[in-house]
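These notes concern the structure reproduced below.
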Amino acid sequence: MKKGQVCVGIVEKVLFPNKGIVKIEEGKTVVVKNVIPGQKISFSINKIRKGKGEGRLLEILEKSPLELENIPCEHFGICGGCTFLNLDYKKQLELKKEQIKELLSPVLEPYKEQWELETFEDIFERMKESPRSLAYRNKMEFSFGDSYKEGPLSLGMHKRGSFHDIITVSGCKIVDQDYSDILESVLTYFQKQGTPYYHKMQHIGYLRHLLVRKAVRTREILVDLVTTTQISGEAEDTLLKGFQEILLQLKLEGKIVGILNTHNDSLADAVINQGTKLLYGQEYFYEELLGLRFQISPFSFFQTNSLGAEVLYETVREYIADSGNGKIVYDLYSGTGTIAQLLACVAKKVIGVEIVEEAVKAAKENAFLNGLHNCEFLAGDVLQVLTTIAEKPDFIVLDPPRDGIHPKALEQIICYNVEKMVYISCKPTSLVRDLEVLLARGYVIERMCCVDMFPATANVETCVLLRKNSNI
């Protein structure tokens with residue numbers, strides 16, 4: 001195995017999130033991304049370390065028996081948004097379950113005899129489906145650019161593996177038709193105006209991103225055009241007025257309730273709010289989950305799959321129902337307080353802790369909107385805030401960011417010695433690391449399942465109910 005070598009092989013399995021394992025020689029494997037089990041592929045070796053290589057996919061020589069004959073999206077394989085859209089939805093769920101099993105089985109192995117487990121299935125309840133496998137997202141961040149150097153203006157997603165090239169994803173299948181209609185009208189308008197997009201290397205240009213959010217229940221739509229300040233004054237006002245007019249002329253299934261313009265002159269290729277101006281309507285929209293109403297701004301954290309979020313939160317509420325009734329519950333890494341508010345009906349009081357101040361403000365406003373008086377939200381890092389709360393928890397809900405819980409914060413959490421806690425994870429590799437600590441400190445996994453919040457992608461939410469072992 002040599003760097004630069006071109007090889008051919010069959011993908012044996014795919015590890016989380018999308019790492020295809022291909023054997024090329026006795027005892028030697030190569031990781032190739034963006035493949036599925038059973039495909040025969042050609043790839044070039046990019047890296048070699050301790051007998052293991054990393055490869056770049058060149059061509060799919062033979063399709064996998066698992067693959068669909070007709071992939072529902074014409075952009076699949078070119079666009080970097082979806083990973084498993086070429087699989088039937090049931091097969092996507094099976095693949096994700098196997099990935100979770102591969103990650104968690106070594107963690108459970110030392111406890112099998114103690115917990116009287118024979119197989120992984122003894123503790124894993126099931127993969128819970130998203131109510132929609134397509135057209136499920138309530139938020140998209142489209143980027144302006146070109147699909148090739150010096151090409152015409154594009155608006156959509158990054159090409160797979162590319163930092164620069166943008167593919168116009170009209171007809172994207174993980175959102176509904178309103179997103180495509182908005183994308184097409186905005187792109188056509190700015191193409192006619194000859195408006196330049198922001199060049200990441202030269203730092204010149206105006207158009208950066210188009211943020212579209214749509215509620216599933218209320219069907220309200222918020223559109224935010226993210227630009228630099230390199231066009232200003234009357235010229236910008238005229239350009240934005242035309243942008244507003246073409247949006248309001250669209251015949252959509254939903255209703256546009258707000259149009260905004262956010263300025264962002266940062267060098268980072270991300271949607272960063274350096275000042276937002278309201279062009280039309282209001283700066284927020286409403287979504288409804290499990291009978292509660294939530295006000296959401298352009299930059300509020302909110303689960304991107306509203307119907308899937310209901311499945312996830314119903315699971316958490318089910319896990320906590322008996323243990324949380326009439327007790328103090330900590331909701332750590334609480335975001336905009338969605339989980340806290342949904343748990344308020346089964347708890348004496350819920351205390352949410354979140355580092356993002358804007359999210360805490362939104363949580364307080366939404367709790368007031370829903371008439372909930374037993375929710376308290378605190379802004380700050382979990383590690384620091386925990387030491388300031390007088391009321392000790394009876395139950396803890398953990399929903400940390402992708403990188404998991406800081407080791408010192410995890411130690412503080414363990415020291416509360418609560419009888420039960422729920423850990424919600426959007427990145428199972430981080431969950432594995434934290435579970436190793438929790439299990440070693442005397443917690444037992446009582447229930448566990450996955451909720452597929454992100455169909456067609458490599459991501460999945462895992463929900464674990466942990467119980468303190470009374471014998472330790």
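In what follows, residues are counted from 1 in the order of the sequence shown. Because the structure is predicted, anything quoted here is derived from the model rather than measured. Side chains are part of it too, since the values below use all heavy atoms of this structure and drop only hydrogens, waters and symmetry mates.
Shown are Val186, Leu247, Val257; of these, the side-chain contact (heavy atoms from CB on, under 4.5 Å) with Val223 is made only by Leu247.
Here the side chain of Gln99 pairs a donor or acceptor atom with the backbone of Val14 at under 3.5 angstrom. Between the side chain of Gln282 and the backbone N or O of Tyr284 there is at least one donor-acceptor pair closer than 3.5 Å. When atom types are taken as modelled, the side chain of Tyr136 and the backbone of Pro455 share a donor-acceptor pair closer than 3.5 angstrom. When atom types are taken as modelled, the side chain of Arg160 and the backbone of Cys82 share a donor-acceptor pair closer than 3.5 angstrom. Looking only at distances, no side-chain donor or acceptor of Glu354 sits under 3.5 Å from a matching main-chain atom of Leu378. Side-chain atoms of Ser162 do not come within 3.5 Å of backbone N or O of Lys159 as any donor-acceptor pair. Without hydrogens or angle criteria, His406 side chain to Lys408 main chain gives a donor-acceptor distance under 3.5 Å. The main-chain N or O of Ala347 is found under 3.5 Å from a side-chain atom of Asn374 such that the two form a donor-acceptor pair. With Ser185 contributing its side chain and Ile182 its backbone, the two residues share a donor-acceptor pair below 3.5 Å.
Heavy atoms only, all atoms of each residue included: Val460 and Phe454 are closest at N-CD1, 3.8 Å. Shortest non-hydrogen contact noted between Gly205 and Thr228 is O-OG1, 2.7 Å. Nearest heavy-atom pair across Ala456 and Ile174 is CB-CG2, 4.2 Å. Shortest non-hydrogen contact noted between Pro298 and Arg213 is O-NH1, 3.0 Å. Summarising the geometry of Leu222 relative to Ser297, their closest heavy-atom pair is CD2-C, 4.1 Å, with the distance given to 0.1 Å. In terms of heavy-atom proximity, Leu289 sits nearest to Leu342 at O-CD2, 3.9 Å.
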Give the C-alpha distance, both sets of side-chain angles, the deciding distance and a yes or no for side chain to side chain donor-acceptor pair (under 3.5 Å) between Asn370 and Gln341. CA-CA 8 Å; Asn370 288 307; Gln341 292 172 67; 3.1 Å; yes
Assess the residue pair Asp331 and Val353 against the criterion (side-chain contact (heavy atoms from CB on, under 4.5 Å)); give the C-alpha distance rounded to whole Å, side-chain angles, the decisive distance to 0.1 Å, and a yes or no. CA-CA 6 Å; Asp331 177 17; Val353 181; over 6 Å; no
Residue pair Phe377, Lys361: steps toward the side-chain contact (heavy atoms from CB on, under 4.5 Å) verdict: CA-CA 8 Å; Phe377 297 99; Lys361 180 183 176 183; over 6 Å; no
Could you give me the CA-CA distance, side-chain angles and deciding distance for Phe190 and Leu239, then say whether side-chain contact (heavy atoms from CB on, under 4.5 Å) is met? CA-CA 9 Å; Phe190 284 117; Leu239 195 63; 3.9 Å; yes
May I have the step-by-step check of side chain to side chain donor-acceptor pair (under 3.5 Å) for Asp224 and Thr262, ending in yes or no? CA-CA 7 Å; Asp224 189 0; Thr262 292; 2.7 Å; yes
What do the steps show when you test Lys96 against Glu94 for salt bridge (Lys or Arg N to Asp or Glu O under 4.0 Å), and what is the final call? CA-CA 6 Å; Lys96 290 181 181 184; Glu94 290 169 8; over 6 Å; no
Check the pair Glu236, His263 against side chain to side chain donor-acceptor pair (under 3.5 Å), reporting the backbone distance first and the verdict last. CA-CA 12 Å; Glu236 184 178 39; His263 283 155; 2.9 Å; yes
The test is side-chain contact (heavy atoms from CB on, under 4.5 Å); show your working for Gln274 and Thr229 and say whether it passes. CA-CA 10 Å; Gln274 295 183 335; Thr229 58; over 6 Å; no
After noting the C-alpha distance and the side-chain angles of Ser130 and Asn305, does the key distance pass the side chain to side chain donor-acceptor pair (under 3.5 Å) rule? CA-CA 8 Å; Ser130 169; Asn305 181 346; 3.0 Å; yes
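Remark: the Ser147 side chain and the Asp165 side chain contain no N/O donor-acceptor pair separated by less than 3.5 Å. In the model, Thr315 has a side-chain atom that pairs as donor or acceptor with a side-chain atom of Lys128 under 3.5 Å. Between Gln295 and Asn366, the side chains place no donor N or O within less than 3.5 Å of an acceptor N or O (distance only, hydrogens not considered). A donor atom on one side chain and an acceptor atom on the other are not found under 3.5 Å apart for Gln92 and Asp88. Residues Asn86 and Glu67 have side chains that bring a donor and an acceptor to within less than 3.5 angstrom of each other. With 3.5 Å as the limit, one finds a donor-acceptor pair spanning the side chains of Asn138 and Ser306.
By the 4.0 Å N-to-carboxylate-O rule, Lys90 lies close enough to Glu129 to be salt-bridged with it. Note on Lys214 versus Glu253: salt bridge recorded, some NZ/NE/NH1/NH2 to OD/OE distance being below 4.0 Å. Electrostatic pairing of Arg293 and Glu287 does not count as a salt bridge here, judged by no charged N lying under 4.0 Å from a carboxylate O. A salt bridge links Glu102 and Lys13; the closest N-O separation between the charged side-chain nitrogens and carboxylate oxygens is under 4.0 Å. A salt bridge between Lys349 and Glu376 is present, with a side-chain N of the basic residue lying under 4.0 Å from a carboxylate O of the acidic one.
For the pair Ile45 and Val6, the minimum side-chain heavy-atom distance is 4.5 Å or more. Between Val397 and Tyr330, every side-chain heavy-atom pair lies at or beyond the 4.5 Å cut-off. Put simply, the side chain of Arg447 does not reach to within 4.5 Å of the side chain of Val464, judged on heavy atoms. A 4.5 Å side-chain heavy-atom check between Leu66 and Ser64 finds at least one atom pair inside the cut-off. Inter-residue side-chain proximity for Leu343 and Val316 is flagged as met; some heavy-atom pair is nearer than 4.5 Å. With a 4.5 Å cut-off on side-chain heavy atoms, Val356 and Phe301 do not count as touching. Contact of the Met453 side chain with the Leu312 side chain is registered, since non-hydrogen atoms from C-beta on lie closer than 4.5 Å. Considering only heavy atoms from C-beta on, Ile166 stays 4.5 Å or farther from Asp146 through its side chain.
Among residues at least two apart or in separate chains, there is no ring-ring contact (aromatic ring centres under 6.0 Å, His included) pair with a member in residues 70-97.
Annotation: cation-pi geometry satisfied between Arg208 and Tyr198 (NZ/CZ under 6.0 angstrom from ring centroid, within 45° of ring axis). A cation-pi arrangement is present between Lys200 and Phe163 under the rule of less than 6.0 angstrom and at most 45 degrees off the ring axis.
Here the CG atom belonging to Leu210 is positioned 11.5 Å from the OG1 atom belonging to Thr227, to the nearest 0.5 angstrom. Within the model, atoms CG of Leu372 and SG of Cys345 stand 9.0 Å from one another, a figure rounded to the nearest 0.5 Å. Atom CZ of residue Phe294 and atom CG of residue Leu369 lie 9.0 Å apart, to the nearest 0.5 angstrom. We find the CG-CG distance between Asp178 and Leu252 to be 4.5 Å, quoted to the nearest 0.5 Å. One distance of note links CZ of Phe243 with CG of Leu248; it measures 9.5 Å at 0.5 Å rounding. Rounding to the nearest 0.5 Å places CD1 of Ile424 at 11.0 Å from CG of Leu431.
In Lys277, the NZ atom is crowded: over 12 heavy atoms of neighbouring residues, nucleotides or ligands sit closer than 6.0 Å.
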